[in-house]
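When a ligand or atom number is given, it counts from 1 through the structure's own listing order.
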Amino acid sequence: MSLGVGNDSSDGGMDLELSAHERAFVDEARAWLGTHVPHFLDGGPQPSGDTAEGFARCRAWERQLFEAGWSVVSWPREYGGRQVSIIEWLLFEEEYFRAGAPQRVSQNGISLLAPTLFEFGTDEQRARILRRMAAVDDVWAQGWSEPNAGSDLAALSSRAVRDDKRGGWRLTGQKTWCSRGAFCDWLFGLFRSDPTAERHRGLTYFLVPLRAEGVTVRPVQRLDGEPGFAEVFLDDVFVSDRDVLGEPHKGWDVAMATAGSERGLNLRSPGRFLAAAARLVALCRRHGGGTMLQRDAVARAVSDAEAYRLYTLQMVARVEDGQTIGPEASINKIFWSELDVQLHETALSILGPLAELTDGDESTWLKGFQFALAGPIYAGTNEIQRNVVAERVLGLPRR
Ligand SMILES: Cc1cc2nc3c(=O)[nH]c(=O)nc-3n(C[C@H](O)[C@H](O)[C@H](O)COP(=O)(O)OP(=O)(O)OC[C@H]3O[C@@H](n4cnc5c(N)ncnc54)[C@H](O)[C@@H]3O)c2cc1C
């Protein structure tokens, strides 16, 4: 594929044909996933990473991925990657979802923290953390939200107090809605290290071991009854200086890099929606083709998934051209989260009363719908993303 300016397509646009090298990469990934995914699943439904047992099974699967070199394909080899291009990573994602492979419980680490470590971490931190993350020796939880700080993240009140004697900090406070936090090993989060500073300043980005003395992790049930969330209480928890990411008191800028990864390219690749749209087409066929309105909605899901793929490739072209994505990442986040809701609503409408069955082949649609409803909330709510688009992309006045 050749995306940037000066590519070899005749009309100066994007050349979306795979190169021989990319074709070989896709074939290799498809062959490996083809033999390993069904073997792992035993023909049964995917384990949910939001229960203790499912998390353990997903972790074992990710270990297999790592050992075969498919865990973090775009990372440097020293951390367990294959050092492939962003395009090849996207192609791998398409194969991954097409194969129906399990949920990545390492996601908050590999998609959000890792890019931030590449940008802001020290060599020591990268060497110590990244390979273990890729191998799922350590699984990471995200610790942004607090009971009184969600959309307004800078309102957070968990604090960090300097401990010069031991060369580190003492953390006290409460984090909430930590996805899979009950099963994770480490947490990354922001803490107020200088209470006298303006609220976006005086924050420090910490890497916190969840087994440390003073940490209490309490699971919280989700809408579907699974303990997918956790509250994390910190009571005078010691964290050494080597677990500060970026400079002390400058954590806001580091956290914004993580948020950019969450909304931009990393968290939800097009492969996820292309595969779901293909499953929707198959569902519609299995159920007699649906009504005209349902067929319209299916067609819309398919074309929206393809549009998201093309938009993503355009973003990649910009990144490869040395540009950054910036606030436009918010458009991305609104688009995929709304597409996911629409796609699942269509599936439930085609299933009719069968949609309510919680067992059997089609029951994954109800579960998928429940999770899709969360899409407009996590990674920053869509209302907040719309504010960002209005003010920072379109340049509209704040009021
Ligand atoms: C499935 C899921 C997984 C999550 N995982 C994590 C995780 O791993 N780690 C973590 O830290 N958090 C996580 N969260 C929490 C998530 O980040 C927050 O729910 C989100 O940021 C919103 O914060 P809040 O819930 O406090 O809502 P609030 O900020 O209280 O917002 C309530 C409502 O008011 C609206 N609103 C608020 N401010 C404005 C404004 N200025 N303009 C317009 N509307 C506004 C919001 O859009 C929302 O509709 C997760 C949430 C979900 C649903």
Side-chain angles (χ1 to χ4, degrees), residues 48-51 55 103-113 116 139-158 171 173-192 199-200 203 205-208 210 217-234 251-252 254-256 258-263 266-268 272 327 329-330 333-334 336-338 340-341 344 367-392 396-399:
S48 159
D50 295 304
T51 63
F55 185 89
Q103 170 190 1
R104 302 286 307 264
V105 292
S106 63
Q107 189 179 57
N108 280 338
I110 61 173
S111 308
L112 308 184
L113 177 59
T116 318
V139 184
W140 289 78
Q142 184 186 36
W144 288 160
S145 306
E146 297 186 1
N148 293 311
S151 301
D152 184 10
L153 183 60
L156 64 87
S157 62
S158 290
L171 310 185
Q174 180 187 350
K175 299 289 176 181
T176 189
W177 309 129
C178 301
S179 292
R180 294 173 293 283
F183 319 120
C184 288
D185 309 290
W186 283 76
L187 170 137
F188 56 91
L190 272 187
F191 292 77
R192 191 161 296 288
R199 61 194 214 116
H200 290 87
L203 297 168
Y205 195 126
F206 285 98
L207 309 175
V208 186
L210 286 173
V217 179
R218 193 180 293 163
V220 176
Q221 276 195 357
R222 291 192 319 201
L223 176 70
D224 59 8
E226 293 180 353
F229 288 129
E231 291 178 299
V232 177
F233 299 88
L234 302 110
W252 183 258
V254 188
M256 288 307 103
T258 309
S261 293
E262 195 167 17
R263 293 164 196 170
N266 297 353
L267 187 70
R268 295 285 181 248
R272 179 187 177 106
S330 295
K333 200 261 147 165
I334 296 168
W336 63 247
S337 57
E338 294 189 348
D340 208 26
V341 174
H344 282 88
K367 216 161 171 51
F369 173 68
Q370 288 172 335
F371 189 69
L373 290 180
I377 303 172
Y378 65 81
T381 69
N382 283 11
E383 289 80 14
I384 296 297
Q385 306 313 315
R386 286 194 159 83
N387 286 350
V388 172
V389 173
E391 290 163 21
R392 295 178 51 203
L396 298 176
R398 281 178 72 86
R399 300 217 178 269

Checking a contact table here: which protein heavy atom is nearest atom 49 (O) of ligand 1, and how many Å away? E383 OE1, 3.6 Å
May I ask whether atom 44 (N) of ligand 1 is less than 4.0 Å from at least one protein heavy atom? yes
Among all the protein's non-hydrogen atoms, which is closest to atom 24 (P) of ligand 1, and how far away is it? G150 CA, 4.0 Å
Which heavy atom of the protein is the closest neighbour of atom 9 (N) of ligand 1, given with residue, atom name and distance? Q142 O, 2.8 Å
Y378-ligand 1 polar pair, N/O distance under 3.5 Å: no
If we count only non-hydrogen protein atoms and require a distance under 4.0 Å, does atom 7 (C) of ligand 1 qualify as touching the protein? yes
Within a radius of less than 6.0 Å around CZ of R199, do more than 12 heavy atoms belonging to other residues, nucleotides or ligands occur? yes
Atom 13 (C) of ligand 1 [closest protein heavy-atom partner, distance rounded to 0.1 Å]: W177 O, 3.0 Å
Can you find a pair of side-chain heavy atoms, one from L234 and one from F191, that are under 4.5 Å apart? yes
For A374, the ligand 1 atoms with a heavy-atom partner under 4.0 Å come out as 1 (C), 53 (C)
Checking S157 now: which residues fulfil side chain to side chain contact (heavy atoms under 4.5 Å, CB included) with it, not counting sequence neighbours? E146
Looking at atom 5 (N) of ligand 1, what's its closest protein heavy atom, distance included? S179 OG, 2.8 Å
May I have the list of side-chain donor-acceptor pairs in residues 372-382 shorter than 3.5 Å, sequence neighbours left out?
unit_1 : atom_1 : unit_2 : atom_2 : d
Y378   : OH     : R268   : NE     : 3.2
Y378   : OH     : R268   : NH2    : 2.8
T381   : OG1    : E383   : OE1    : 3.4
T381   : OG1    : I384   : N      : 3.3
N382   : OD1    : K333   : NZ     : 2.9
N382   : ND2    : S337   : OG     : 2.9

Can you tell me how far the CG atom of D50 sits from the CD atom of Q221, to the nearest 0.5 Å? 12.0 Å
Only heavy atoms count here, so choose which of T381, I384, L187 is nearest to atom 46 (C) of ligand 1. T381
Just need the protein heavy atom nearest to atom 42 (N) of ligand 1, so name the residue and atom and give the distance. N387 ND2, 3.0 Å
To check your reading of the model: name the closest protein heavy atom to atom 29 (O) of ligand 1, its residue, and the distance in Å. S151 OG, 2.6 Å
For atom 37 (C) of ligand 1, is the nearest protein heavy atom closer than 4.0 Å? yes
Candidate list W177, Y205, W252, test ring-ring contact (aromatic ring centres under 6.0 Å, His included), partner W144, passing option: Y205
Side-chain heavy atoms of L113 within contact of L207, under 4.5 Å: yes
Please report whether atom 20 (C) of ligand 1 has a protein non-hydrogen atom at a separation of less than 4.0 Å. yes
What's the shortest heavy-atom distance between I334 and V389, and which atoms? CD1-CG2, 4.2 Å
Suppose we measure from atom 18 (C) of ligand 1 to each protein heavy atom; which comes out shortest, and what is that distance? S145 OG, 4.0 Å
Pick from Q107, E262, R180: which one makes a side-chain hydrogen bond (donor to acceptor under 3.5 Å, both in side chains) with Q142? E262
Can you tell me if W186 has over 12 outside heavy atoms packed within less than 6.0 Å of its CH2? yes
